[in-house]
Amino acid sequence: MFTLKRTHTCGALRAADAGSTVNLNGWVEARRDHGGVLFVDLRDRYGKTQVVFRPESGAELLAQAQGLRAEFVLAVQGVVKARPAEAVKKGQLTGEIELEARKIEILNEAKVPPFEVTDDLNASDELRLKYRYLDLRRRPMQQNMITRHRIIAAFRESMDRQGFLDLDTPVLIKNTPGGARNFLVPSRLQAGNFFALAESPQIFKQLFQVAGIDRYFQVCKCFRDEDLRADRQPEFSQFDLEMSFVDESDVQAAVEDAVGNVFKKVLGVELKRPFPKMSYAEAMDKYGSDKPDIRFGMHLVDVSDLAKASAFRVFSEAVATGGVVKGLCVVGGGTMSRKDIDELTTWVKGVGAKGLVWLKGEGGTLGGGSAKNFTSAELSALRAKLAAKDGDLLLFVADEKGRCKVALGGLRTHLGAKLKLIKEGSWEPFWVEEFPMFEAGPEGRPQAKHHVFTSPKAEDLDFLEKDPLRVRARAYDLVLNGVELGGGSIRIHRKDVQRRVLAVIGLEESDIRDKFGFMLDAFDYGAPPHGGIALGVDRFVMLLLGLDTIRDVIPYPKTQKGQCLMQNAPSGVIPKQLDELHIALKPPPPAEEKKT
RNA sequence: GGGGGCGUAGCUCAAUUGGCUAGAGCAUCGGAUUGUCGAUCCGAAGGUUGCGGGUUCGACCCCCGUCGCCCUCGCCA
């Protein structure tokens, strides 16, 4: 029976409502039984209201109330009363009133939940994911979902105002090589053939441009069958957009408007526009990262020149074998103990570096750690180069270029957090530009760093075949607080250039025909110059909420092994289903149906 | 595929160097309680220490394997 439909939500009632008879619906958050009088906190998405049961309202009602338990679903009819002055609960919107119950309906009982549905996190990830609907019932998670909605709404609002059309694109698409591993979907009607789940709407949004849909956007799901991280899920959401007759500045301006609108509407923050720009080379040199957190300094300094001539073989050999030596100066880090530094060493070894060389600023020069391996002239030079003062700590990594970047760049981020160097509440979005078009692949063959439709810079076109690694791309990443929010580029719109790029990465003519033929055909029919970008919705929400994992902003996320603990997916299928698809499982490891 | 962390009551955690009946808080159940809001007070129940094997007089603790969750390198155009 459900007759007491709510007239108000549990966050709506105020002192001005005193005297009126209302109905509330919600979940029992807590029951406090004082023998005579009994209190129940009733919760819904909008708030929490205290319901009071009094003996004067009848023994039957009080007995009913005594039977209530946490998470029962309840409908209450009662009279709104101003609380006695000493019982007013400050800091709660409904704290000045309470609902004096006259009648209740227990809409549903609830088992004792596997964890308490409270604001404080009191359960493991595993349990939260298994009972996600209970986790989502917690107020902080509801706030996350509400913020997620508001961010998406503000983005859409800006896009609509700027004349972008919200159009969807297929999820079931052709399997194409390169980039992220695709999830495959077998086709029953075309037995033996497979769809791929779209890793992005890339090709379709470009073809929209050929079609004359000169401003497209979408909030879409993307699928990538790669290993997970705190900020990576196998299915995730993107703000995706593409525009025609534009260059980099037009796309960036459109994005800045949308991102600016989100900050304004959701946080009340006005971002300074246009966003600053940084070259990829500078990001790598100064920060050891293509998505640096620029809220604190501690820049990386290359000391390879000094290291090369040093008698300290850790340094000189690294350079001799083609590597680099870089260092950073931790201001005031001289107070760190040997144990602290050992922990840092363990940390860099964990990301593949051989070790950490450290020195401390003292007595106008450098001492401690590896000081005995250097001449006093070298120590002075290092001190000067890193602008170190007494009381500072210098850390160096000597290694192959890539590993040095990962280790020292990572160490910088690690220290930034550990030493609390980051200004909280500051938002400094900026663009990273001038990415290399290609990077060296496994066998030295170039592969696209962004994607194969990215336009090379016009002035670098001549190097496409001669020296591909030198070619810079018309690509740009939006970086905020050390997180890559998204990336995009101006695309190739001419077939001849597209063909050359595909050839550089080693696609045979027949492959090109098979994989991208329709794309090249489309370019024969009048493709306008165009470009676009995609931003990670989940990362965006995570950042604005100050969280460090996107799992808390995705309603139903997967575990690090890509499973849904609630559904227990993926799971095996029955032979008939495989038969229809003409699929046979290879013998040894058949998919096992997990116990539920 | 590699490195690391964690796994003990329903939940969150503790348990000295390998040594007594594996404890606490919360939750649960029973009782008391007329102004609480993390109510309080009294009492009770609750355990194959993830699982399997090994070492040992003796294992929550050590070793090997395995499963699960998390962080990370590779990977993710």
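Proteins get letters first, then strands, A, B, ... in listed order; numbering begins at 1 in each. What you see is a predicted model, and the numbers here were worked out from it, not measured in a lab.
Within the structure, a side-chain polar atom (N or O) of A:R32 is placed less than 4.0 Å from OP1 or OP2 of B:rA39.
Interface remark: the A:R224 side chain does not form any donor-acceptor pair with the B:rC76 base, using a distance-only criterion of under 3.5 Å. For A:R232 against B:rC75, a side-chain-to-base donor-acceptor contact under 3.5 Å is present. No hydrogens or angles were tested; on distance alone, nothing pairs the side chain of A:R403 with the base of B:rG74 as donor and acceptor under 3.5 Å. Counting atom types as modelled, A:D120 pairs no side-chain N or O with a base atom of B:rG38 as donor and acceptor under 3.5 Å. Side-chain N/O atoms of A:R551 and base N/O atoms of B:rC69 include no donor-acceptor pair closer than 3.5 Å.
Nearest nucleotide to the A:N122 side chain, out of B:rC11, B:rC70, B:rA39: B:rC11. Ranking B:rG30, B:rC76, B:rU36 by closeness to the A:R69 side chain, first place goes to B:rG30. Looking at the side chain of A:V112, the nearest of the listed nucleotides B:rU28, B:rU36, B:rC37 is B:rU28. Distances from the side chain of A:Q50 to the nucleotides B:rU36, B:rG1, B:rG68 place B:rU36 closest. Set against B:rC37, B:rC73, B:rC69, the side chain of A:V406 has B:rC73 as its closest nucleotide.
Centre separation under 5.5 Å together with a plane angle under 30° does not hold for the ring of A:F115 and the six-membered base ring of B:rC11, so they are not marked as stacked.
Within 4.0 Å of A:P84, counting heavy atoms only, lies at least one base atom of the nucleic acid. Residue A:D125 is classed as a sugar-phosphate contact, given heavy-atom separations below 4.0 Å to backbone atoms only.
Each of A:E116 and A:K48 has a nearest nucleotide on RNA chain B; the 5'-most of these lies closest to A:E116.
With a cut-off of 3.5 Å on both pairing distances, the Watson-Crick or G-U wobble partner of B:rA44 is B:rU28. The pairing partner recorded for B:rC62 is B:rG54, the criterion being a Watson-Crick or G-U wobble arrangement whose two distances lie under 3.5 angstrom.
The CG atom of A:D552 sits 17 Å away from the P atom of B:rC69 (whole-angstrom rounding). Remark: P of B:rU36 and CD of A:Q66 are 19 Å apart, rounded to the nearest angstrom.
Without hydrogens or angle criteria, A:T345 side chain to A:L356 main chain gives no donor-acceptor distance under 3.5 Å.
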